[in-house]
Number of protein chains: 2
Amino acid sequence: MPKGFPKTNFLNSDVPEVVLNRLPIYLRILNQLQQQQVKVTNSKELATYMTVEPSQIRKDLTYIGRFGLNGKGYSVKTLKNNLQKFLGLDASWNTVLIGGGRLGKSAVDLINQQKNKTFRIAAAFDPSPNMVGKRIMRMRIQNLKDLERTLKTRNIKIGIIATSNNSTQVVANILVNNRINYIINFSGFSPKLPEYVLLKNLDPGLQVESMTYHLRQSRLNKG
Amino acid sequence: MPKGFPKTNFLNSDVPEVVLNRLPIYLRILNQLQQQQVKVTNSKELATYMTVEPSQIRKDLTYIGRFGLNGKGYSVKTLKNNLQKFLGLDASWNTVLIGGGRLGKSAVDLINQQKNKTFRIAAAFDPSPNMVGKRIMRMRIQNLKDLERTLKTRNIKIGIIATSNNSTQVVANILVNNRINYIINFSGFSPKLPEYVLLKNLDPGLQVESMTYHLRQSRLNKG
DNA sequence: TAGATTGTTAATCGATTAACAATC
DNA sequence: TAGATTGTTAATCGATTAACAATC
């Protein structure tokens with residue numbers, strides 16, 4: 001994750017964010033192993049999939065509990081199940097989507113990629129009047145004005161912003177003012193928000209624009 | 001960035017990866033400021049947009065040069081231009097897209113979101129025969145078998161993988177065997193690759209699955 | 001049991017921050 | 001000039017890794 005952008009010192013827990021960000025990676029590796037019928041793995045094997053030492057994996061895993069089989073390693077299944085539970089991926093969380101255009105559709109596709117339906121899109125909105133009434137994922141796109149009412153009446157936990165950059169801040173404000181503290185933002189603008197709000201900027205540019213640095217470097221080194 | 005996944009100790013440079021990952025964030029802030037007609041900013045103001053101290057911003061910026069106006073701050077325009085150049089965003093880089101389905105379309109939409117056309121999709125492929133011949137972004141989707149030839153004959157630098165998980169490794173191997181060292185992966189599977197390959201896993205699940213941990217925590221705290 | 005791997009502590013490494021002289 | 005902010009060094013903080021006793 002591109003760290004930081006706005007203040008997200010969201011620490012109501014004692015698990016360091018660096019560790020928390022590695023846990024989903026472990027989960028994917030465990031899934032892969034499970035598909036290959038591997039029953040038991042160990043920190044050394046897991047480390048071959050990542051840029052970390054086995055000792056770090058062992059340390060990370062102690063945050064979620066002690067599931068190691070001494071002298072053997074870890075049961076893939078047990079570890080996977082516990083990781084999922086620990087990360088809250090065994091539950092389903094209601095979200096609202098704001099932005100029903102191209103970006104919104106892409107956002108939905110990407111979010112729905114994962115098998116376990118952890119993120120459930122409960123309603124969709126758009127700031128643009130001529131988007132209202134269209135459909136996304138069989139849901140009617142509603143007027144942004146009605147977002148507040150939905151947030152007040154339904155058990156929504158997460159807001160997904162997929163608007164154009166100039167709507168991002170307005171939308172984020174509505175969300176935060178209606179006790180939404182978790183925001184996934186696909187737009188290229190990062191809104192300023194109170195520190196207690198956990199904001200994830202998924203704009204891929206953010207992640208990919210440091211790649212070109214290396215590309216440029218290697219070109220310079222050649223010449 | 002969710003760190004690591006496969007080994008990508010790609011350090012042909014002396015700028016730490018943590019710093020490199022913050023530079024695109026600075027760039028976005030500078031763009032925002034420029035849109036608001038702000039001509040000069042300073043490390044204190046920039047820090048209000050992020051979870052870092054002003055001194056860190058100053059330190060980060062020294063990696064790209066000394067553009068500060070002593071006693072004044074930084075010219076938004078000068079800093080922005082230099083950052084862009086430093087990151088290689090003033091150039092255009094040819095890419096190939098593999099995967100022309102839903103995920104591929106989403107990938108393309110997201111990549112094209114950014115104004116500056118840094119990433120140019122030069123050709124598209126798909127492992128599935130019944131996708132061949134269809135079109136994505138006005139380009140004809142080609143058979144995966146022809147990927148190798150394209151890589152041999154054209155100046156492609158980056159591979160974008162947007163296949164289903166079970167094709168990811170195969171596709172990645174073809175890319176790497178044809179001297180592609182930069183891979184952007186939208187699929188949910190992270191291929192094992194040589195250390196010198198720079199792989200960015202943009203699977204949003206990876207970024208979002210630590211959010212549910214906090215969500216679960218705050219629910220537990222309530223009860 | 002011997003061998004292997006965990007869980008955990010202590011040592012190392014690197015990143016962040018505070019402080020301040022240099023500069024406009 | 002006085003005031004402000006940079007660039008940079010030194011101090012602090014935290015994360016990674018090595019080492020090893022405990023355990024199966």
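Proteins come first, then strands; the chains are lettered A, B, ... in the order of their sequence lines, and each starts at number 1.
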A.B. asks: If the cut-off is 4.0 Å, is A/S55 near the phosphate of C/dG7, judged by side-chain N/O to OP1 or OP2?
C.D. replies: no
A.B. asks: What residue among B/V96, B/I184, B/T168 forms side-chain contact (heavy atoms from CB on, under 4.5 Å) with B/I161?
C.D. replies: B/T168
A.B. asks: When you measure from the side chain of A/R179 to the backbone N and O of A/L151, does any donor-acceptor pair fall under 3.5 Å?
C.D. replies: yes
A.B. asks: Mind listing the N/O atom pairs, protein and nucleotides 20-24 of chain D, below 3.5 Å?
C.D. replies:
| residue | atom | partner | partner atom | Å |
| --- | --- | --- | --- | --- |
| D/dT23 | O2 | A/N70 | OD1 | 3.2 |

A.B. asks: If a pair means Watson-Crick or G-U wobble with both distances below 3.5 Å, what does DNA chain C look like in dot-bracket form, with | marking bases paired to a different strand?
C.D. replies: ..||||||||||||||||||||||
A.B. asks: Taking C-beta and beyond as the side chain, do B/E45 and B/I29 meet within less than 4.5 Å on heavy atoms?
C.D. replies: no
A.B. asks: Which part of the nucleic acid, if any, lies within contact of A/K44, taking any heavy atom under 4.0 Å across all strands shown: a base, the sugar-phosphate backbone alone, or nothing?
C.D. replies: nothing
A.B. asks: A/D126: what forms a salt bridge (charged side-chain N to carboxylate O under 4.0 Å, His left out) with it, not counting sequence neighbours?
C.D. replies: none
A.B. asks: Is a donor from one side chain sitting under 3.5 angstrom from an acceptor on the other, for B/S92 and B/R120?
C.D. replies: no
A.B. asks: Between B/R216 (side chain only) and A/K85 (backbone N and O only), is there a donor and an acceptor less than 3.5 Å apart?
C.D. replies: yes
A.B. asks: With a 4.5 Å limit on heavy-atom distance, are the side chains of A/Y49 and A/L33 in contact?
C.D. replies: yes
A.B. asks: Assign B/Y63 to base, sugar-phosphate, or nothing according to its heavy-atom contacts below 4.0 angstrom with the strands shown.
C.D. replies: nothing
A.B. asks: Would you say a side-chain N or O of A/Y74 is under 4.0 Å from OP1 or OP2 of C/dG7?
C.D. replies: yes
A.B. asks: Considering only heavy atoms from C-beta outward, does the side chain of B/L46 approach that of B/Y26 to under 4.5 Å?
C.D. replies: no
